[in-house]
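Read through the structure below, which is laid out as structure tokens, and then see the notes.
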Amino acid sequence: MRRVLRNPETIEGSVESITFQNEENGFTVMVIDFHGSPLTVTGELGNISEGEEVKLFGEFAVHQRYGEQFYAVSVERKLPTGSAAMLKYLSSGTVKGVGKKTAKQLIEKYGENAFDILENHPEELATLDGMSKKKAYTICENFKLLYGVRELSMFLTGFDISPGTAATVWKIWGQFSKEMITENPYILCSEDIGVGFKKADEIAEKLGIDSDFTERLIAGAEFVLKNAAFNGGHTAFPLESFKSEFMRILNVGETEVLTALKIASEKKAISITETDTEKFVSLYKYFTAEDYIADRLKAATRSHNEFDYMAHIEIEEAGKGIKYAEKQKEAIGSALTSGLTVLTGGPGTGKTTTLNAIISLYKEQGKVVQITAPTGKAAKRISELTGFSAKTIHRLLEVTFDAAGKALFSHNEKRLLECDVCVIDEMSMVDSELFSALLRALKKDCRLILVGDSDQLPSVGAGNVLADIIKSGKLPAITLNEVFRQAKESGIVTNAHKIVGGEYPELKATDFFFMQRLDSESCLELVIELVCDRLPRAYGFSPLDDIQVLSPVRKGDLGVESLNKRLQDVLNPQITDTGTGGIYKFRVNDKVMQTTNNYDIVWTQGNDSGTGIFNGEIGIIRSIVKEDDSVVIDFDGKLADYTFDMLRELELAYAITVHKSQGSEFDAVVLPLLGGYYKLFCRNLLYTAVTRAKKLIVIVGSRNVVCEMVDNNLQTMRYTLLEEFLKNDG
């Protein structure tokens, strides 16, 4: 959002130096020559270069540390004039392929005509010493590209769209970008660009485009469905609800709704599906994903392998000194004979033991088994539990990026994964699009073992894959429900099963404690005391490595943002350099979490090295060096290099949300519960939080809230089509 200016001014000057520039969002810190004196200017100004002449609109401000500055909200730029300014500009490396030597030759030979040579006369450029024709033509193309992006950036800045977005637009549509946007600003709403519908609406209004413009109606339909997916996890939306929301947001009548539905479905932007009970509208990508998942899973169930699994189970039992329960044998048998098996069960029911047997028996047959999970934590955990290597789904599919920065998978129908059996752990966390992408990369005869706990929270992304598969009743799903004797001794395990069954947990056990506090301040103080003093003293737990505070919410006195700041001040008071990222100021030795998948971050681990730190990974900041713009973070032994602008991808992780904790386990969990949004404070959230604890959980708050959460079995309603497609025998 553009800053509100109290004392707007327009100033002009030439760019003397660039102090900092973020290529992604265009944020720039530079020094200009302003009436013969240096002046620092900041703002999202794009890829400005030394030597340029600029006209800036903004206001003067006094920075607490750096003194007087000018904050610019827009810029008009022109090429420098005069040989000296042109030489400085070209020597800065702004034009790709033109260095100091070439710049000097250009100015010496062509003087103030140098820019005309670069734009229009590559054959003249080729006459310079050491310049080939091929290189000359490439430099001229680079020069044209540079100024095309700048012209587009200036155009879009007038609509409050950042230079970073302008660069992305240019990568996709090139020299035709401005013309295309002027004709149809709603193209900016595409997933490759990501401009919001309301912003595109503002641009359209300024350009005089009517409210019933066809492309507006199509973009509006997609916007309604994207909102439903992002806010509610829905891959489909009831038609009548869609109509109401569409008319409200776009301020149009039913005629426009019907027009939008007709044209958007013809263009395959959306899909309309009629079930036995009602009609649903879906984004086409979700419709195709769930339709494909259903077809693949139904085909997998038709694959059957005659195999005397009982004899092999007996050999496995004898060799490992294990006696499998009947349900476990059933699951092992299904996995070895069917193309698809779904294995579910709560804590202490022997899921891991069963899975180990399945993997071991497949390995004995010489099958290539691939284990995967949706997050790095989940992949590491299943690897530790089974002893077999596991990868995240994204890593397994080998993500790449297109020109617009959109993630693509290297493995797909054209480049299949080489595995005979694929085990997907933590299936409750896998959304529809990701599961579809994985299935497309697997051979048609690859056997599927889907492992998860459907009583946990659903995936962050749209869809409800595991729950839909089980509810359909059409696929072989085996639920392990016998809690083994050793597990029964754990209050965590027994209470988790009580919660799932709708019973109130026993609030005092050797590893499950409840401490009543009925106001937020005393609750917060006790959480801090437990983490920083009482649990480390009583059990030897490390506040950073062993204890994790979980909260249902981000905001409020007991939300993760407040908890993190209080815990940081106690566990890691500020005596070191800091770096700012979003709402937090980071310090050396802070516990942090990566909040997005970043496949480019470089890490080293001993003699090993690689790239990629993923959403949900937790680490410790080891160093912050402002002079070098560098931060080093230790993610379980992987030392990853960050720059200061990358800190926006991090959050403090002394406390994290229950949703973010999925796929992870911690020795000790502290869970403050004083109530909040009814739909959020529900049974499956409480169950998910409790099952994150391996050795100890302490709930701090209200006994009534705990009971209300158990009673609230209103699981997050998600409209999807997968269950319907699985039931359809057509």
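Not measured: the values here are computed from a predicted model.
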Straight-line distance of L671 CG to F514 CZ, nearest 0.5 Å: 10.5 Å
Here the gap from I601 atom CD1 to K638 atom NZ, rounded to the nearest 0.5 Å, amounts to 10.0 Å
Could you tell me whether a side-chain N or O of D667 sits under 3.5 Å from a main-chain N or O of K695, the two making a donor and an acceptor? no
Main-chain N/O of Y654 paired to Q548 side chain as donor or acceptor, under 3.5 Å: yes
Side chains of S609 and T604: is there a donor and an acceptor less than 3.5 Å apart? no
Check step by step if side-chain hydrogen bond (donor to acceptor under 3.5 Å, both in side chains) holds for T688 and R692. CA-CA 7 Å; T688 301; R692 298 311 90 203; 5.9 Å; no
Does the side chain of F435 come within less than 4.5 Å of I393's, by heavy atoms? no
Derivation of the side chain to side chain contact (heavy atoms under 4.5 Å, CB included) call for M427 and V465: CA-CA 8 Å; M427 265 302 298; V465 177; 3.7 Å; yes
Close side-chain approach of H659 to R554, heavy-atom, < 4.5 Å: no
Do V483 and H497 come within less than 4.5 Å of each other through their side chains, counting heavy atoms only? yes
E724 bridged to K727 by N-O distance under 4.0 Å: no
Taking the side chain as everything from C-beta on, heavy atoms only, tell me whether F725 gets closer than 4.5 Å to F287. yes
Say whether, by atom type as modelled, one donor and one acceptor occur between the side chain of D420 and the main chain of V368 under 3.5 angstrom. yes
If you compare all heavy atoms of P458 against all heavy atoms of Q662, which two are closest, and at what distance to 0.1 Å? O-OE1, 3.7 Å
Nearest 0.5 Å, please: how far is CD in E651 from CD in Q594? 10.0 Å
Decide yes or no on side chain to side chain contact (heavy atoms under 4.5 Å, CB included) for V706 and R703, but give the supporting numbers first. CA-CA 5 Å; V706 174; R703 185 185 303 268; 5.7 Å; no
Is the backbone of D453 close enough, under 3.5 Å, to the side chain of T344 for a donor and an acceptor to pair up by distance? no
When you compare the side chains of Y292 and R296, does any donor N or O come within less than 3.5 Å of an acceptor on the partner? yes
Using a 3.5 Å distance criterion without hydrogens, assess whether the side chain of K298 forms a donor-acceptor pair with backbone atoms of N728. yes
Return the CG to CE distance between N712 and M709, rounded to the nearest 0.5 Å. 8.0 Å
Evaluate the side-chain hydrogen bond (donor to acceptor under 3.5 Å, both in side chains) criterion for residues D546 and Y539: first the C-alpha distance (whole Å), next the side-chain angles of each, then the deciding distance (0.1 Å), finally the verdict. CA-CA 10 Å; D546 303 324; Y539 298 92; over 6 Å; no
What I'd like to find out is whether the side chain of L722 reaches to under 4.5 Å of the side chain of N464, using heavy atoms alone. no
I'd like to know whether T720 forms a side chain to side chain contact (heavy atoms under 4.5 Å, CB included) with S432, so could you lay out the CA-CA distance, the side-chain angles of the two residues, the decisive distance to 0.1 Å, and finally the verdict. CA-CA 9 Å; T720 67; S432 298; 5.8 Å; no
Without hydrogens or angle criteria, can the side chains of E506 and T494 be said to hold a donor-acceptor pair below 3.5 Å? no
More than 12 heavy atoms of other groups within 6.0 Å of K443 NZ: yes
Report, as yes or no, whether the 6.0 Å neighbourhood of atom NE2 on H312 holds more than 12 heavy atoms from other residues, nucleotides or ligands. no
Using side-chain heavy atoms (C-beta onward) and a distance below 4.5 Å, is V369 in contact with F388? no
Sidechain-backbone polar pair: T372 side chain, K391 backbone, donor-acceptor under 3.5 Å: yes
Counting only heavy atoms not in K268, do more than 12 sit closer than 6.0 Å to its NZ atom? no
Closest heavy-atom contact between S410 and R415? CB-NH1, 3.3 Å
Donor-acceptor pair, side chain of S661 and main chain of V658, under 3.5 angstrom: yes
Salt bridge or not between K327 and E482? Use side-chain N to carboxylate O under 4.0 Å. no
Write down the atom of E503, the atom of V710, and the distance for their closest heavy-atom approach. O-CG1, 3.5 Å
I need the minimum non-hydrogen distance between I358 and I332, along with the two atoms involved. CG1-CA, 3.9 Å
For V560 and S551, what are the C-alpha separation, side-chain angles and deciding distance, and is it a side chain to side chain contact (heavy atoms under 4.5 Å, CB included)? CA-CA 6 Å; V560 295; S551 174; 3.9 Å; yes
Rounded to the nearest 0.5 angstrom, the CG-OH distance for D291 and Y284 is 8.5 Å
Quick check: are there more than 12 heavy atoms from other residues, nucleotides or ligands sitting under 6.0 Å from NZ of K279? no
Take R381 and E384 through the salt bridge (charged side-chain N to carboxylate O under 4.0 Å, His left out) test and state the conclusion after the steps. CA-CA 5 Å; R381 178 171 168 267; E384 290 171 346; over 6 Å; no
On a heavy-atom basis, which atom in P536 and which in P543 lie closest, and how many Å separate them? CG-CG, 3.8 Å
Do S436 and I293 have side-chain heavy atoms sitting under 4.5 Å apart? yes
E330 and side chain to side chain contact (heavy atoms under 4.5 Å, CB included): which single residue from T341, T354, I478, L480 fits? I478
Is the NZ or CZ atom of R447 positioned over Y362's six-membered ring, under 6.0 angstrom from the centre and within 45° of the axis? no
Heavy-atom nearest pair, I492 first then L696, reads CD1-N, 3.6 Å
So CE of M429 and CG of L466: to nearest 0.5 Å the spacing works out to 12.0 Å
Just by distance, do the side chain of T479 and the backbone of G345 share a donor-acceptor pair under 3.5 Å? no
Would you kindly say whether E316 and S360 are connected by a side-chain donor-acceptor distance under 3.5 Å? yes
Determine whether L686 and L673 make a side-chain contact, defined as any pair of heavy atoms from C-beta on separated by less than 4.5 Å. yes
If you count the non-hydrogen atoms of other residues, nucleotides and ligands that lie under 6.0 Å from OH in Y719, is the total more than 12? no
